[in-house]
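Just so you know, residue 1 is the first one in the sequence shown, and it goes up from there. Worth knowing before you read on, the calculation uses all heavy atoms, side chains too, and leaves out hydrogens, waters and symmetry mates.
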Amino acid sequence: MTSEIKGTAQLTAAMVLSGTLGIFVVESGASAFNVVFFRVLFGAIALGAYAFARGYFRGHGITPKKLGLAALGGAFIVFNWVFLFKAYEETSISLATVVYHTQPFLLVLLSAVIFRERLTKQQLMWLGTAFAGLVLVSGVRPGDLGSLTGIGFALLAALLYGLSTLVTKRITGVRPHLIALIQVVVGIPLLLPFANFGAMSGTGTGWGWLVGLGVIHTGLMYVLMYAAYAKLPTAKIAVLAFTYPAVAMVADWAVYGHHIGLVQALGVPLIVLASLKVNRAKTAKVVTGSQAPASPLPAPAPAVQTAR
């Protein structure tokens with residue numbers, strides 16, 4: 001098996017796992033703040049154990065400035081999760097996931113506003129295409145306040161993810177696993193005031209879903225993603241990223257019977273195509289390493305330089 005084939009299998013597995021995240025959130029029965037609190041708690045344990053076992057704490061390269069940037073990125077990430085999970089509550093997993101994948105366009109707009117990066121005609125065209133797709137996907141009628149609220153939460157989550165990406169990509173010389181560990185550890189005290197432990201007394205089997213979110217959807221999935229990033233060209237990463245929303249839509253239909261209507265379905269390929277074009281154009285400029293797709297994972301730093 002070649003390195004690229006192995007990387008493809010690893011990233012595909014990670015994206016398939018990512019597509020099942022919404023089911024774990026819903027089945028836990030916990031509020032968005034409680035879900036994210038226990039996700040970062042169990043995720044920190046899983047990532048910490050992996051980093052320790054691999055010896056990543058030796059020669060870690062973390063400075064006070066890098067630690068501060070990672071912590072700021074972590075603040076954006078954990079509240080990104082909160083709003084994404086609240087979007088699941090207000091609308092379907094499918095709709096929230098598709099709207100969340102407008103993140104590449106929000107990142108382009110943020111770069112234009114914050115760093116004064118010039119928007120090209122092609123970027124503006126794809127932004128317009130994505131907006132048209134978003135209007136179709138929303139399929140919201142004037143009185144459908146729940147869906148509007150859910151879409152708003154998903155867009156806010158995508159915005160926070162974009163901010164985290166802008167901050168985190170400024171960190172170099174530190175293994176991405178350690179940056180992710182810092183981000184989830186920061187989430188523990190940040191979310192502690194919002195967690196309602198009294199509401200967890202009757203959770204029962206929900207604890208299994210919460211542990212799964214930390215160990216599987218934060219520990220295992222993140223390790224798989226970074227193992228794949230070192231083996232794959234960035235254009236292929238951008239393509240494989242769409243396994244995540246595809247699996248999420250199928251899982252939402254199979255488990256909860258939710259499906260996107262005909263008019264909404266017309267908007268999905270517009271968002272997917274526009275996102276793919278923007279991602280490919282953005283990642284084509286990267287020589288080594290890559291940025292993660294829009295995902296309910298911590299926003300990564302540039303990957304450690306690895307011989308391909």
Side-chain angles (χ1 to χ4, degrees), residues 1-18 20-21 24 36 38-75 77-78 81 164-165 167-189 210-234 236-237 240-241 244 286-293 295-308:
M1 180 183 293
T2 66
S3 178
E4 185 167 334
I5 291 175
K6 185 176 180 180
T8 299
Q10 289 171 326
L11 187 56
T12 300
M15 293 297 99
V16 169
L17 288 175
S18 188
T20 66
L21 182 139
F24 278 67
V36 179
F38 286 107
R39 180 184 185 181
V40 298
L41 178 63
F42 294 129
I45 294 171
L47 283 171
Y50 177 81
F52 179 78
R54 300 284 292 183
Y56 291 164
F57 292 112
R58 295 191 296 271
H60 50 71
I62 299 172
T63 64
K65 180 181 178 180
K66 293 175 183 179
L67 181 62
L69 287 171
L72 178 59
I77 273 294
V78 295
W81 286 343
S164 182
T165 300
V167 171
T168 309
K169 74 177 186 177
R170 297 173 67 87
I171 306 172
T172 57
V174 181
R175 286 189 178 274
H177 307 80
L178 295 180
I179 296 174
L181 178 59
I182 293 169
Q183 290 177 333
V184 292
V185 168
V186 162
I188 296 173
L210 292 173
V211 172
L213 282 168
V215 176
I216 298 173
H217 292 92
T218 308
L220 173 61
M221 184 163 59
Y222 205 41
V223 168
L224 284 172
M225 287 176 71
Y226 272 110
Y229 288 166
K231 303 179 181 75
L232 297 175
T234 52
K236 191 164 190 176
I237 291 172
L240 291 174
Y244 161 43
V286 181
V287 178
T288 57
S290 61
Q291 290 301 117
S295 163
L297 286 171
V304 176
Q305 293 190 11
T306 306
R308 292 185 184 277

CD1 (Ile62) and CD1 (Ile171) are apart, to the nearest 0.5 Å, by 9.0 Å
Test item: Thr8 side-chain N/O and Glu4 main-chain N/O as donor-acceptor pair under 3.5 Å
yes
What distance do Lys231 atom NZ and Ile237 atom CD1 have between them, rounded to the nearest 0.5 Å?
11.0 Å
If you compare all heavy atoms of Pro189 against all heavy atoms of Val186, which two are closest, and at what distance to 0.1 Å?
CD-O, 3.2 Å
With side chain to side chain contact (heavy atoms under 4.5 Å, CB included) as the test, would you mind laying out the steps for Val223 and Arg54 before giving the verdict?
CA-CA 11 Å; Val223 168; Arg54 300 284 292 183; over 6 Å; no
In short, Ile77 meets Ser164 closest at the heavy-atom pair CG1-OG, 3.1 Å
Can you measure from CG (Leu69) to OG1 (Thr172) and round to the nearest 0.5 angstrom?
10.0 Å
Mind checking the CG-CD1 spacing from Leu72 to Ile182? Nearest 0.5 Å is all I need.
12.5 Å
Taking every heavy atom of Ala46 against every heavy atom of Gly214, the minimum-distance pair comes out as CB-O, 4.2 Å
Might you point out which heavy atoms bring Leu224 and Ala13 nearest each other, and give the distance in Å?
CD1-CB, 4.2 Å
Indicate yes or no for a side-chain donor-acceptor contact from Thr218 to the backbone of Leu213 under 3.5 Å, with no hydrogens or angles considered.
yes
Where does the angle between the aromatic ring planes of Phe24 and His217 fall among parallel (under 30°), tilted (30 to 60°) and perpendicular (over 60°)?
perpendicular
Using modelled atom types and a 3.5 Å cut-off, is there a donor and acceptor pairing between side-chain atoms of Thr20 and backbone atoms of Leu17?
yes
Yes or no on side chain to side chain contact (heavy atoms under 4.5 Å, CB included) for Leu11 and Tyr229, after CA distance, side-chain angles and deciding distance?
CA-CA 8 Å; Leu11 187 56; Tyr229 288 166; 4.1 Å; yes
Closest contact, heavy atoms only, Leu178 versus Ala51
CD2-CB, 3.9 Å
Relative to each other, are the rings of Phe52 and Phe57 parallel, tilted or perpendicular (30° and 60° limits)?
tilted
Spacing of CG belonging to Leu232 relative to CE belonging to Met225, to within rounding of 0.5 Å
11.0 Å
Measure the spacing between CG of Leu47 and CZ of Phe42 and express it to the nearest 0.5 Å.
14.0 Å
Identify the two heavy atoms, one from Gly73 and one from Gln183, that lie closest to each other, and give their separation to 0.1 Å.
C-NE2, 3.8 Å
Side chains of Leu181 and Tyr56, heavy atoms from C-beta outward: is any pair under 4.5 Å?
no
